[in-house]
Amino acid sequence: MTGTAAPIIDIRDLTVTFIGGRKPVHAVNGVTLAIQPAEVLALLGESGSGKSVTLRSLLGLHPPGRTSIGGSIQVAGKDVMALSGRALADFRGKTVSMIFQEPLLALDPVYTVGAQIAETIQRHEAVSRVKARARALALLQKVRIPSPERRLDAFPHEMSGGMRQRAMIALALACNPQILLADEPTTALDATVQIQILLLLRELQRELGLTVILVTHDIGVAVEVADRVAVMYAGRIVETGPVREIIRNPRHPYTQGLLASRAHGAMTGSRLDAIPGSPPDLADLPPGCSFAPRCKHAKATCVETAPEIRSVTADHWMRCMLDAEAAE
Amino acid sequence: MLFYALKRLIYVLPVAFGVSVVCFLLVHITPGDPLTAVLPVDASAELQAQMRAIYGFDKPLPVQYVIWLGKVLTGDLGTSIATGRAVLTEVSRAVGNTLILSAVATIIGFFLGCLFGFVAGYYRDSAMDRLASTLSVLGVSVPHYWLGMVMVIIFSVQLNWLPATGAGPGGSAEWAWDWDHIRHLILPAVTMSVIPMGVIARTVRALVAEILSQDFILALAAKGLTDRGIFIHVVKNAAPTALAVMGLQLGYLLGGSILIETVFSWPGTGFLLNAAIFQRDLPLLQGTILVLAMFFVLLNLLVDVMQTALDPRIQRG
């Protein structure tokens, strides 16, 4: 999928630091990512690895007073960091839209689902109320909500979890965005509903040619929908490559640990192979490789200097120095 | 919606019954016979018995209650012992005056309270928040009769801008919407508005802060709404609770304005209650309390129905 075409999303050396608290928290520490049009990228990592923070930066959603952001973000030819006020609001939902982890919390409880979708359409396009409502209905049909006419006037609390997430997807697609950001879209759902939502996302992505960034902590979800995976740890991308390549040939010790800790494929009765220790304190990051304290292959050099990004194959990159020594 | 309103209306009946029983018993719980206030101290036992029979006090209590209730339902609240006028006439005039005072005070308090509450909630922990929060805490903590006296000293005695007492020129108790009457309304209404202002400001501040911390605010920003668009959502989320608090405050003011009405000699229910207590005018006291209590019940009903109309989650709950 990594062609030579111009990327639709180009993130260079992104850093996000929250400065509200007692100590600055370095949530994202130099993320560089290029995503091609119609590509589906899964941003994989555990809680606090900076994946959601990276995603929100793409929409400029961090409160300016309490965050300091570095690097550059180009999305569909626009410099997101230079946007503000009205221009930023015009960009959000129109070029790039977002779906959230818990649709019950992400939908306004006192507005009907139809009103919320129509509001988005009327915000970005000069259409009448009636027409916006008709389009909202078409969107609900598109995401295959049962009896969509009735759901148009339903409140979020009157719908099931899966239906709410479908409504959220309809809302996100209301203004035909080029890019869809999905922040753990299936985490709050039952396993059976999860797979339906993922299939729907994949189908809509193909049909509409959407570029998707999907944030998840679940490798299974990434395998299901993504073309490419980027593994994040402590605010950095530690390994990226095509999804099959990453599953079959993980090179970074953290990715290897993640794959080994899955229940899937493990022998019954055997202990799951968990990664020892816990992620580093983002307010107090170690100078060298941030995974070194938990890495079973770590050497003295790992603790001292941060590893550079290196190529494994043409489209498989990672950030670890051990593999280089082992390979040579 | 209509069904809910009707159902809620039916729930009012037992409450209203309870209220009427308590009001009726009030006269009989209080020490001393209501007649002792009007009869001369040396009245003969014969005369006392005669008077009891006239007022119906010689019959057993349940019978007295049924007779009393029957009269109340037909609009007869009895006769004031002190003035000899019908209690209903006295009470309805006082209720009108109190309603004007409380409603104006609640409206002022609601607008100022919402203003302070939204500013404080939106700019949390800023200097604006601290100023608005201090004002609202002062509003609920300063004794309002004291504030009333201070207002009288400043605006009536020192500056001589506004009249200190009464509801109209020449001590008239009849209300009219002209400047001569409104002049009299300003000081008591502003003094009274301080209480709902403080309560509403604090409620709205907490509400706004809570709403702004929710995920859907971020989602609204992510779909491209401007700060003004998001503000409308915040208002709609805060409205049910804010209106409920406003309704309850209006209820409290309707019944609990004895102090302010006395300070400003405002001819409302509080003033009337005060007079009825000191003159031992039991029929008047009974009638006033009954009317005020029913007001409170109906106001609660109104708030409930309004809240359901505004917040779709309540009806099913």
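Note that the coordinates shown come from a computational prediction; the quantities given were computed from them, not determined experimentally. Order of the sequence lines fixes the chain letters, A, B, ..., with proteins taken first and strands second; residue numbering starts at 1 for each chain.
- Interface remark: A/Leu171 contributes side-chain atoms only to the contact with chain B (heavy atom separation under 4.5 Å).
- Using a 4.5 Å heavy-atom cut-off against chain B, the contacting residues of residues 109-131 of chain A are A/Pro109, A/Val110, A/Tyr111, A/Gln116, A/Glu119, A/Thr120, A/Arg123, A/His124.
- For a residue to count as touching a neighbouring chain, one of its non-hydrogen atoms must lie under 4.5 Å from one of that chain's; by this rule B/Ile230 does not touch chain A.
- Closest of all the heavy-atom pairs between B/Ala219 and A/Ala106 is CB-O, 3.2 Å.
- There is no contact between B/Ile211 and chain A, counting heavy-atom distances below 4.5 Å.
- Within the 4.5 Å cutoff, side-chain heavy atoms of B/Phe216 are placed close to those of A/Asp108.
- When every heavy atom of A/Arg92 is checked against every heavy atom of B/Ala222, the shortest pair comes out as CB-O, 3.4 Å.
- Environment of OH in B/Tyr122: crowded, with over 12 heavy atoms of neighbouring residues, nucleotides or ligands closer than 6.0 Å.
- Two residues are said to be in side-chain contact when any heavy atoms from C-beta on lie closer than 4.5 Å; A/Leu105 and B/Gln214 fail this criterion.
- At a heavy-atom separation below 4.5 angstrom, chain B is approached by A/Arg56, A/Leu59, A/Leu61 within residues 48-68 of chain A.
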